[in-house]
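One structure is given here, and the rest of the page talks about it.
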Amino acid sequence: MPGGAIAVASDHAGFDLKEILKRDLQEAGHEVLDLGTNSTDSVDYPDFGRAMGEAIASGKAGRGVLVCGSGIGISIAANRNPKVRAVNAHDVTSARLSREHNDANVIAFGQRLIGVEVAREALKVFLDTEWAGGRHAGRVDKLSKG
């Protein structure tokens, strides 16, 4: 896994799941960089997706975890940064393939769409899966060039 902390961020609709996953990461011995939000008070998900992009691009974090209600909006916001390859994962298979084929560095979840245990399992697979490289390398290079 790349150096740096694992950054976590959410909007209000993803706060509860973010806190669970953050605690799991800390208990597993990972350094965690919490980019917010810090409550269920209404906030705008693009702000937290942007913060994730900045953390990845600056090297403060090597990987990231995002959570909003659906996982869609916050992953779109993070992907505006060319250093980010955020995937909205729904299960272990999408988490694994995002790493193997796309070298994803951020995983996003929808708190309203995924169960806690499925998110936990998907995050573990995401962190444990190596990028396959090879035939996928040229395609991944194209993602950062816009």
Side-chain angles (χ1 to χ4, degrees), residues 1-28 30-132 136 139-146:
M1 189 167 78
I6 299 173
V8 297
S10 72
D11 69 356
H12 57 283
F15 175 74
D16 293 332
L17 181 56
K18 178 198 77 152
E19 290 297 304
I20 291 167
L21 298 175
K22 177 176 84 171
R23 185 175 55 248
D24 288 351
L25 290 167
Q26 290 169 329
E27 288 175 0
H30 295 286
E31 177 187 353
V32 176
L33 173 62
D34 190 340
L35 303 172
T37 192
N38 300 311
S39 75
T40 57
D41 294 342
S42 185
V43 293
D44 296 331
Y45 63 81
D47 298 335
F48 299 94
R50 183 178 307 108
M52 179 63 72
E54 292 168 0
I56 295 290
S58 71
K60 289 180 184 174
R63 297 264 176 91
V65 181
L66 293 169
V67 190
C68 69
S70 68
I72 298 168
I74 203 163
S75 63
I76 291 170
N79 276 323
R80 297 209 181 260
N81 188 308
K83 298 288 186 183
V84 173
R85 290 176 304 282
V87 60
N88 187 7
H90 301 284
D91 55 27
V92 169
T93 302
S94 56
R96 180 179 53 79
L97 291 174
S98 76
R99 287 288 310 130
E100 286 179 354
H101 294 191
N102 309 111
D103 196 21
N105 52 12
V106 176
I107 191 166
F109 298 112
Q111 181 173 307
R112 296 175 181 152
L113 303 177
I114 194 168
V116 171
E117 292 309 314
V118 174
R120 283 174 153 158
E121 291 173 23
L123 178 55
K124 181 176 182 346
V125 167
F126 179 80
L127 295 175
D128 291 344
T129 301
E130 295 294 325
W131 180 46
H136 304 290
R139 297 170 186 149
V140 170
D141 286 344
K142 288 181 179 183
L143 293 173
S144 296
K145 293 179 182 166

Steps toward side chain to side chain contact (heavy atoms under 4.5 Å, CB included) verdict (Val67, Ile74): CA-CA 7 Å; Val67 190; Ile74 203 163; over 6 Å; no
Which is it for Val116 and Leu17 under the side chain to side chain contact (heavy atoms under 4.5 Å, CB included) test, yes or no, and what are the steps along the way? CA-CA 7 Å; Val116 171; Leu17 181 56; 4.3 Å; yes
Mind running side chain to side chain contact (heavy atoms under 4.5 Å, CB included) on Leu123 and Val65 for me, showing each step along the way? CA-CA 8 Å; Leu123 178 55; Val65 181; 3.6 Å; yes
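The minimum heavy-atom distance linking Arg99 with Ala104 is given by the pair NH1-O, 2.8 Å. What you find for Gly69 and Asp11 is that their closest heavy atoms are N-OD1, 4.0 Å. In terms of heavy-atom proximity, Ser10 sits nearest to Phe48 at O-CG, 3.4 Å. The shortest heavy-atom contact between Val84 and Ala78 is CB-O, 3.4 Å. Across every non-hydrogen atom of Thr37 and His12, the tightest pair is CG2-N, 3.9 Å. Summarising the geometry of Ala95 relative to Ala89, their closest heavy-atom pair is N-CB, 4.2 Å, with the distance given to 0.1 Å.
Remark: Tyr45 OH is loosely packed, at most 12 non-hydrogen atoms of other residues, nucleotides or ligands lying under 6.0 Å away.
When atom types are taken as modelled, the side chain of Arg63 and the backbone of Asn105 share no donor-acceptor pair closer than 3.5 angstrom. The backbone N or O of Phe126 lies less than 3.5 Å from no partner atom in the side chain of Thr129, so there is not a single donor-acceptor pair. The main-chain N or O of Thr93 is found under 3.5 Å from a side-chain atom of Asp91 such that the two form a donor-acceptor pair.
Summarising the geometry, atom CE belonging to Met52 is positioned 8.0 Å from atom CG belonging to Leu33; distances are rounded to the nearest 0.5 Å. Rounding to the nearest 0.5 Å gives a distance of 11.0 Å between CG of Asp16 and CG of Leu21. Cys68 contributes atom SG, which lies 9.0 Å from atom CD1 of Ile76 (distance to the nearest 0.5 angstrom). If you take CZ on Phe109 and OG on Ser75, they are separated by 11.5 Å, rounding to the nearest 0.5 Å. Summarising the geometry, atom CG belonging to Leu127 is positioned 4.5 Å from atom CD1 belonging to Ile6; distances are rounded to the nearest 0.5 Å. A distance of 5.0 Å separates CH2 in Trp131 from CG in Asp103, rounded to the nearest 0.5 Å.
Under the side-chain contact (heavy atoms from CB on, under 4.5 Å) test applied with Leu66, the options Val8, Ile107, Leu35, Val106 reduce to a single match, Val106.
Residues passing the side-chain hydrogen bond (donor to acceptor under 3.5 Å, both in side chains) test with Asp34, sequence neighbours excluded: Lys18, Lys22.
Listed by first and then second residue, the side chain to side chain donor-acceptor pair (under 3.5 Å) pairs that reach into residues 107-121 are Asp24-Arg120, Glu117-Arg120, sequence neighbours excluded.
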